[in-house]
Novice: 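Structure in structure tokens, see below.
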Amino acid sequence: MREYDYVVVGAGSAGCVLAARLSEDPAVRVAVVESGGRDRRPEIRIPAAFPKLFKTSYDWNFSTAEQHGLGGRELYWPRGHVVGGCSSVNAMMWVRGHRDDYDAWGDAAGDAWSYDGIEPYFRRAERWTGGGEGRSVYGTR
Ligand SMILES: Cc1cc2nc3c(=O)[nH]c(=O)nc-3n(C[C@H](O)[C@H](O)[C@H](O)COP(=O)(O)OP(=O)(O)OC[C@H]3O[C@@H](n4cnc5c(N)ncnc54)[C@H](O)[C@@H]3O)c2cc1C
């Protein structure tokens, strides 16, 4: 029987990053367990095609509880059931968020959570191909 140092349950956005980072150390054995199948459908890589995956085997096909504010209706709530999780069924939009929101975190939790504290991590996640330095219009005062 194989033994692992870490078992990551769910190969979604967070699970895949976590497993990739943990397995950078060749001495560490990592298993990733995913309930859904492989991410082979072309619609997974075409941004505007993601609704084609709704209510297929790539979707958990959840519904919300009855919503009192919506006359008791239940809403369809897509969630990715596939390697990549919701990042395989999402719209591929990238938004850093507004500086003021992060600065409010910084006020409450310390400078590391302020916009200036978090911006290096945004940059690390981005591949910037435009001009300038990739500064968000919301990232400057
Ligand atoms: C339709 C849609 C459009 C979106 N558009 C955007 C967008 O354009 N830009 C953006 O930034 N965000 C978007 N999002 C949000 C973003 O994709 C999610 O917030 C993010 O992917 C969630 O990551 P996660 O790791 O928390 O969960 P997930 O990526 O959902 O990962 C969870 C994984 O765990 C698996 N799993 C669950 N239970 C089990 C189990 N018991 N055993 C094994 N595996 C299990 C699931 O199958 C899934 O693969 C969108 C989301 C949806 C649904």
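Whatever order the structure lists them in is the order used to number ligands and atoms, beginning at 1.
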Novice: If you measure from CZ on R2 to CZ on R29, what distance do you get to the nearest 0.5 Å?
Specialist: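 Going from the CZ atom of R2 to the CZ atom of R29 covers 5.0 Å.
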
Novice: Any atoms of ligand 1 less than 4.0 Å from a non-hydrogen atom of A14? List them with their elements.
Specialist: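 Going through ligand 1 atom by atom, the ones under 4.0 Å from A14 are 25 (O).
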
Novice: Which of the atoms of ligand 1 are close to M93, meaning less than 4.0 Å from one of its heavy atoms?
Specialist: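 Counting from 1, the qualifying ligand atoms are 7 (C), 8 (O), 9 (N), 10 (C), 11 (O).
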
Novice: Can you check whether a protein heavy atom sits less than 4.0 angstrom from atom 41 (N) of ligand 1?
Specialist: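 Looking at atom 41 (N) of ligand 1, one finds that no protein heavy atom lies closer than 4.0 Å.
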
Novice: For the 3.5 Å polar cut-off, considering only N or O atoms, please tell me whether P78 and ligand 1 meet it.
Specialist: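 Not met; the criterion fails.
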
Novice: Given side chains that start at C-beta, do those of Y58 and I44 come closer than 4.5 Å, heavy atoms only?
Specialist: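 Result yes, sub-4.5 Å side-chain heavy-atom pair found.
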
Novice: Looking only at protein heavy atoms, which one is nearest to atom 34 (O) of ligand 1, and how far off is it?
Specialist: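 Sorting protein heavy atoms by distance from atom 34 (O) of ligand 1 puts G10 CA, 3.3 Å first.
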
Novice: Using non-hydrogen atoms of the residue, decide whether V95 is closer than 4.0 angstrom to ligand 1.
Specialist: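 The answer is no: ligand 1 sits nowhere under 4.0 Å from a heavy atom of V95.
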
Novice: Which atoms from ligand 1 have a heavy atom of S87 less than 4.0 Å away?
Specialist: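 Ligand 1 atoms under the 4.0 Å threshold to S87: 17 (O), 21 (O).
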
Novice: As an exercise, identify every atom of ligand 1 less than 4.0 angstrom from a heavy atom of V33.
Specialist: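 So the answer, numbered in order with elements, is 43 (C), 44 (N).
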
Novice: Among the clusters formed by ILVMFWY side chains lying less than 4.5 Å apart, do V30 and Y4 turn up in the same one?
Specialist: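 Cluster IDs for V30 and Y4 differ.
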
Novice: Is atom 19 (O) of ligand 1 near the protein, in the sense that some protein heavy atom lies at less than 4.0 Å from it?
Specialist: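 So atom 19 (O) of ligand 1 lacks protein heavy-atom neighbours under 4.0 Å.
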
Novice: Between F54 and Y76, what is the ring plane arrangement, given parallel below 30°, perpendicular above 60°, and tilted in between?
Specialist: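 The rings of F54 and Y76 stand perpendicular, inter-plane angle above 60°.
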
Novice: Is a side-chain donor or acceptor of T64 paired with a backbone partner of L75 at a separation under 3.5 angstrom?
Specialist: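 The answer is yes, because a donor-acceptor pair under 3.5 Å joins these two groups.
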
Novice: Could you tell me whether the side chain of R45 reaches within less than 4.5 Å of the side chain of D39, counting heavy atoms only?
Specialist: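 Yes, at least one pair of side-chain atoms sits under 4.5 Å.
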
Novice: Nearest non-hydrogen contact with atom 51 (C) of ligand 1 belongs to which option: V9, V17, V8, N90?
Specialist: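 Shortest heavy-atom distance from atom 51 (C) of ligand 1: N90.
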
Novice: Nearest to atom 29 (O) of ligand 1, what protein heavy atom do you find, and at what distance?
Specialist: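 Here the closest protein heavy atom is C86 N, 2.9 Å.
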
Novice: Side chain or backbone, does V82 bring an N or O within less than 3.5 Å of an N or O on ligand 1?
Specialist: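 Indeed, backbone or side chain, V82 has an N or O that close.
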
Novice: Between G84 and S88, which heavy-atom pair has the shortest distance, and what is it?
Specialist: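 Closest approach of G84 to S88, heavy atoms only: CA-OG, 3.3 Å.
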
Novice: Given Y58, W94, W60, identify the one with the heavy atom nearest to atom 39 (C) of ligand 1.
Specialist: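 Comparing heavy atoms across Y58, W94, W60, the nearest one to atom 39 (C) of ligand 1 lies in W60.
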
Novice: Tell me: protein heavy atom nearest atom 49 (O) of ligand 1, and distance?
Specialist: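 For this ligand atom, the closest protein heavy atom is E34 OE1, 2.7 Å.
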
Novice: G80 heavy atoms, cut-off 4.0 Å: which ligand 1 atoms fall inside?
Specialist: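 Counting atoms of ligand 1 from 1, those under 4.0 Å from G80 are 46 (C), 47 (O), 48 (C), 49 (O).
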
Novice: Check whether any side-chain N or O of E126 sits under 3.5 Å from a backbone N or O of R124 as a donor-acceptor pair, and report yes or no.
Specialist: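 Such a contact is absent between E126 side chain and R124 backbone.
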
Novice: Under 4.0 angstrom from atom 26 (O) of ligand 1, is there any protein heavy atom?
Specialist: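 Given the 4.0 Å cut-off, atom 26 (O) of ligand 1 does not count as touching protein heavy atoms.
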
Novice: Evaluate the 4.0 Å heavy atom contact test for atom 15 (C) of ligand 1: does a protein atom fall under the cut-off?
Specialist: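 Looking at atom 15 (C) of ligand 1, one finds that no protein heavy atom lies closer than 4.0 Å.
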
Novice: Quick one: which ligand 1 atoms are inside 4.0 Å of a heavy atom on H81?
Specialist: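 Within the 4.0 Å cut-off of H81, ligand 1 contributes 47 (O).
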
Novice: Does one hydrophobic cluster hold both V32 and V83, with members joined at side-chain heavy-atom distances below 4.5 Å?
Specialist: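 Different clusters: V32 never reaches V83 through Ile, Leu, Val, Met, Phe, Trp or Tyr contacts under 4.5 Å.
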
Novice: For G36 and ligand 1, does the shortest N/O to N/O distance drop below 3.5 Å?
Specialist: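 Not met; the criterion fails.
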
Novice: Could you tell me the residue and atom name of the protein heavy atom closest to atom 21 (O) of ligand 1, and the distance to it rounded to 0.1 Å?
Specialist: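 Among all protein heavy atoms, the one nearest atom 21 (O) of ligand 1 is S13 OG, 2.6 Å.
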
Novice: Is it the case that atom CG in D111 sees more than 12 heavy atoms from other parts of the structure closer than 6.0 Å?
Specialist: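 Check fails, neighbour count at 12 or below.
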
Novice: When hydrophobic residues are tied together by side-chain contacts of less than 4.5 Å, even through go-betweens, does V82 share a cluster with L53?
Specialist: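 Yes.
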
Novice: Within a distance under 4.0 Å of any heavy atom of V89, pick out the atoms of ligand 1 and give their elements.
Specialist: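 Answer for ligand 1: 1 (C), 2 (C).
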
Novice: So does R96 pair up with E119, basic N to acidic O under 4.0 Å?
Specialist: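 Between E119 and R96 there is a salt bridge, with a charged N closer than 4.0 Å to a carboxylate O.
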
Novice: Look at atom 32 (C) of ligand 1 and say which protein heavy atom is nearest, naming residue and atom and giving the distance to 0.1 Å.
Specialist: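 Nearest protein contact, heavy atoms only, for atom 32 (C) of ligand 1 is G12 CA, 4.1 Å.
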
Novice: Measure up the W105 and Y102 rings against each other and bin them: parallel (under 30°), tilted (30 to 60°), perpendicular (over 60°).
Specialist: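 Because their plane-to-plane angle is over 60°, the rings of W105 and Y102 count as perpendicular.
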
Novice: Is there a path of hydrophobic side-chain contacts, each under 4.5 Å between heavy atoms of I/L/V/M/F/W/Y residues, joining W60 to W77?
Specialist: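 Yes.
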
Novice: What is the closest protein heavy atom to atom 44 (N) of ligand 1, and at what distance does it sit?
Specialist: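 Sorting protein heavy atoms by distance from atom 44 (N) of ligand 1 puts S35 N, 3.2 Å first.
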
Novice: Using a 4.0 Å cutoff against the non-hydrogen atoms of F54, which atoms of ligand 1 qualify?
Specialist: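 Answer, ordered by atom number: 1 (C).
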
